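Throughout, a chain's letter reflects where its sequence line sits, starting with A, and its residues are numbered from 1. It should be emphasised that the depicted structure is a prediction, and the values quoted were computed from it without experimental measurement.
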Amino acid sequence: MASLTRNVFLFLGRTNVSGLGIKEITNRVTYATALFANSTSGNKGLPDRGGRGSVGRRPRREPGEPRTEKMPLDQDWTSVYPSATSFKSNAVPLPVRMGYPVKRGVPPEKKGNLELLKIPNFLHLTPAAIKKHCEALKPFCTEWPSALDTDAKCDEHFPIKVESTDYVCAGPSVRNPSARIVHLKVKLSRFNLDDHARKKMLKLVGERYCKDSDILSITTDSCPLRQQNYEYAKYLLTVLYHESWKIEAWEAEKTAADMEEYSWEDSLSQKNMLDTLLRMKVAGEGEDAEVRKQLLEREDVQDYKDSVVRLKNEGASESSMLQYKEAVRKVFNV
Amino acid sequence: ACHSEKHVGQFYTLPSAHVRHLFPNGLPWRFQHQTKTFNETCIMVRQPALEVISCLKKADYSQPALRYLFYGLKGSGKTLSLCHTVHFCYTQGWLVLHVPDAHLWVKNCKELLPSSYSSSRFDQPLQATTWLRNFKITNEPFLSKIKTKERYVWTKREATEAGSPLGELVDQGISRVKSSSDVVGAVMKELRLQSSQPGADFRMAVAVDGVNALWGRSTIKRQDKTAVDPEELTLVYNLRKLMKNDWSGGAIITTLSQTGSLYTPKSAYLPQELLGERGFDSVDPFIPVSVPNYSEKEFESCYLYYMDRNWLQHPQSRTEEGKKELIFLSNRNPSMLERLCGFL
């Protein structure tokens with residue numbers, strides 16, 4: 001039988017303690033349907049049976065006062081919880097309550113609370129503990145270069161940032177497969193891209209680019225080793241840059257649906273507007289192309305163009321609708 | 001009908017003779033019940049309608065037709081603003097081409113026939129005949145005045161000669177149900193051509209409710225269960241031709257409607273969302289007019305109107321407290337207010 005040193009509080013409140021000469025406390029939990037685990041030596045001649053109920057009357061040893069009472073206020077917490085352990089209710093001096101409250105009651109207290117045991121706790125990672133960790137790690141670190149004291153300088157000299165995680169594990173094997181993942185982050189503004197190259201790069205890269213912060217992040221995890229992933233990420237970056245500068249023959253077939261932004265020239269809207277104005281015979285009679293160009297130069301037509309472009313690019317909203325309305329009214333003099 | 005800014009918030013009564021002629025079934029359903037209950041048709045004068053009416057007064061009718069679009073949240077009064085404007089046009093003696101709800105043409109179609117005029121399109125005889133009947137009731141005086149310019153051949157034995165009055169064309173459509181959609185197309189074409197001419201003595205108002213149905217999707221299916229594009233429906237095709245502003249001598253007044261529209265989210269109310277790309281490009285350039293919920297003054301006026309008609313029976317609704325509750329519950333949305341007051 002495994003003798004376990006554990007404080008388990010019994011719901012039925014009966015503790016059988018055997019082995020008086022031994023420091024261990026062997027507790028038997030008596031439930032109605034559970035089998036007994038018979039104790040070892042020290043039985044005072046109790047008959048072996050899987051009996052329920054009538055266990056021998058052993059003097060019940062009272063649990064002592066919880067350790068929290070004896071804790072001074074300025075104790076060293078890092079020694080109470082030096083590593084990640086489960087929640088010990090008599091070692092944590094906080095009056096914590098957790099769980100679903102009974103009717104017209106409060107959440108149950110921490111003594112004997114299984115909910116507190118189940119959840120992960122970070123009692124071993126208080127600021128004091130972290131300070132101690134840092135102090136312990138300091139001999140292994142090198143100094144930060146004094147010239148790089150602001151973020152801007154770091155970005156300027158080292159635009160590419162590579163991130164990878166190391167894992168320490170005390171188990172059958174020290175290797176962790178997640179250690180092979182490599183993240184490569186770089187700002188696109190550092191690259192020398194013209195208009196076409198930038199659009200092509202954005203299309204190639206897709207989700208990996210964040211517009212607000214202008215950062216391209218490439219995450220590689222397809223190779224088994226970290227060094228292989230790092231080389232692959234660098235290769236990807238190089239290939240993206242060079243490919244976006246090349247212009248293929250089939251790129252000439254780009255349709256209006258592929259365009260990222262709405263351009264008013266050669267659009268239906270422009271055609272409609274011009275046709276309407278021509279029908280209104282606003283400009284004098286003349287050559288068709290010239291008349292069109294003249295019409296386009298007009299200020300209210302320019303306003304109209306701005307409002308339509310804004311509507312299409314930004315989507316509809318009250319203010320853009322109002323702007324459009326004003327522009328149309330000006331064109332038609334209403 | 002000579003309303004101005006000073007009259008904002010006040011109700012005006014439409015004479016019942018006008019209502020019978022102008023809106024055989026053009027008014028919203030709930031409003032029709034309200035008219036029957038109160039025994040009179042009262043519309044509130046509101047800013048959006050006034051804006052469009054003033055534009056109509058100022059506009060020059062030798063220019064291509066201007067397009068106006070009422071848009072707003074659900075129940076904020078777009079259809080009634082349209083009706084107000086249409087009534088104004090009617091009192092000015094214009095010819096009114098009113099389509100009460102374009103969504104009815106793209107869904108729940110009981111009979112779909114292949115078109116006699118063009119093999120790729122489909123006809124809807126039932127909706128076409130209903131519309132022709134309403135058109136006849138609305139525009140009685142014009143039917144004898146306008147003459148057709150071309151000759152239309154319906155079947156081997158029937159044809160309408162050029163120069164015959166429009167009324168004959170309409171009657172033809174009502175009696176010969178099979179070709180009614182084509183008659184609708186012919187009527188629209190005639191009117192479009194004629195009002196553009198400088199010598200025309202009438203002006204045309206095209207009023208379409210739920211115009212986003214023309215460019216949306218439809219639930220009508222062919223025999224082999226493939227969906228029909230709205231373009232392939234004769235009625236929709238002809239109406240789209242009217243919506244283009246290549247004719248002059250009139251105005252096009254439309255509203256958007258999310259209520260009947262298909263496959264659009266409930267919260268969409270801005271023109272671009274409901275019209276879609278194609279619709280927007282076709283209606284562009286247009287003047288969008290926003291129809292907001294009631295303002296303070298308009299709410300007061302509506303509340304007083306209901307009180308005056310003894311519509312609010314509950315004792316608490318007549319107090320200040322009750323009024324505040326009504327404001328809170330309905331958020332000054334006209335249709336919500338109307339539904340709430342119906343319970344009181």
Atom group of B/Tyr71 that falls short of 4.5 Å from chain A, counting heavy atoms: side chain

Measuring from atom CE of A/Met321 to atom OG of B/Ser290, what distance do you get when rounded to the nearest 0.5 angstrom? 10.5 Å

Any chance CZ of A/Arg208 has more than 12 other-residue heavy atoms, nucleotides or ligands included, within less than 6.0 Å? no

Evaluate whether atom NZ of A/Lys203 has more than 12 neighbouring non-hydrogen atoms of other residues, nucleotides or ligands under 6.0 angstrom away. yes

Surrounding CG of A/Asp194 (heavy atoms of other residues, nucleotides or ligands, distance under 6.0 Å), is the total greater than 12? yes

Minimum heavy-atom separation for B/Ile287 to A/Lys325, with atom names? CG2-CG, 3.9 Å

Tell me if the NZ atom of A/Lys254 is crowded by more than 12 foreign heavy atoms within 6.0 Å. yes

Atom pair CD (B/Glu51) and CZ (A/Arg329), whose distance is rounded to the nearest 0.5 Å: 5.0 Å

